[in-house]
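So the structure is just underneath, and the comments pick up after that.
Atom set for the values below is all heavy atoms of this structure, side chains included, hydrogens, waters and symmetry mates excluded.
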Amino acid sequence: MASENKLQGVVQATLSEIRNLIDADTVMGTPVETSSGTTLIPISKVAVGYATGGMDFNDKNSAQGKPQNFGAGGGTGISVQPIGILCISKDGSVELINIGVKNPSDPVEQLSDLIDRAPEIIAKVKALFAKDKPEEETEEKTEG
């Protein structure tokens, strides 16, 4: 019974730390507003794997009977993969720019695909920043 309480303490402490690392802001990133009024929200895929275990045991010199020692261990793996950018223009229209891999494979291929698609992604983000610029310049000229 005592070991159950010790193991529960190990599990609760670990899960508490995982909660501190992974929250809703990890999946839906902090919104960034551009000068043109477009809001960009990064979106990521989060995967978490967790394992833990423990046991009571006696050391070599202790008398047989009630176990005196407790040992526990655990491991956690966390993966955060960007999959897209949600773009909300100031008129309310929404567009998702996909930056994820269509067929996930090993990390080297994912990085390679992201690098290959970088010019396309950058062009789309630049277009969002420049969308309202001609209107703003026109408004400034009419005011001046």
(message) So, taking the atom named CD in Gln8 and the one named OG1 in Thr52, what distance separates them when rounded to the nearest 0.5 Å?
(response) 12.0 Å
(message) Could you measure the distance from the CD atom of Glu33 to the OG1 atom of Thr38? Nearest 0.5 Å is fine.
(response) 8.5 Å
(request) Check salt bridge (charged side-chain N to carboxylate O under 4.0 Å, His left out) between Glu120 and all other residues, then give those that pass, not counting sequence neighbours. (result) Arg117, Lys124
(message) So if I apply the side chain to side chain contact (heavy atoms under 4.5 Å, CB included) rule between Leu96 and each of Ile41, Ile43, Ile83, which one comes out positive?
(response) Ile43
(message) Can you give me the closest heavy-atom contact between Leu40 and Cys87, atom names plus distance?
(response) CD2-SG, 3.6 Å
(request) Kindly give the heavy-atom pair with the smallest separation between Ser44 and Pro82, and that separation in Å. (result) OG-CA, 3.8 Å
(request) May I ask you to decide if Val32's main-chain N or O and Thr39's side chain share a donor-acceptor pair within less than 3.5 Å? (result) no
(request) For the residue pair Thr76 and Thr14, establish whether any side-chain heavy-atom pair is separated by less than 4.5 Å. (result) yes
(request) Please list, chain by chain and in numerical order, all residues satisfying side chain to side chain contact (heavy atoms under 4.5 Å, CB included) with Ala72, sequence neighbours excluded. (result) Val10, Phe70
(request) To the nearest 0.5 Å, tell me how far Leu86 CG sits from Glu95 CD. (result) 9.5 Å
(request) Search all heavy atoms of Tyr50 against all heavy atoms of Val11 and return the closest pair with its distance. (result) OH-CA, 3.5 Å
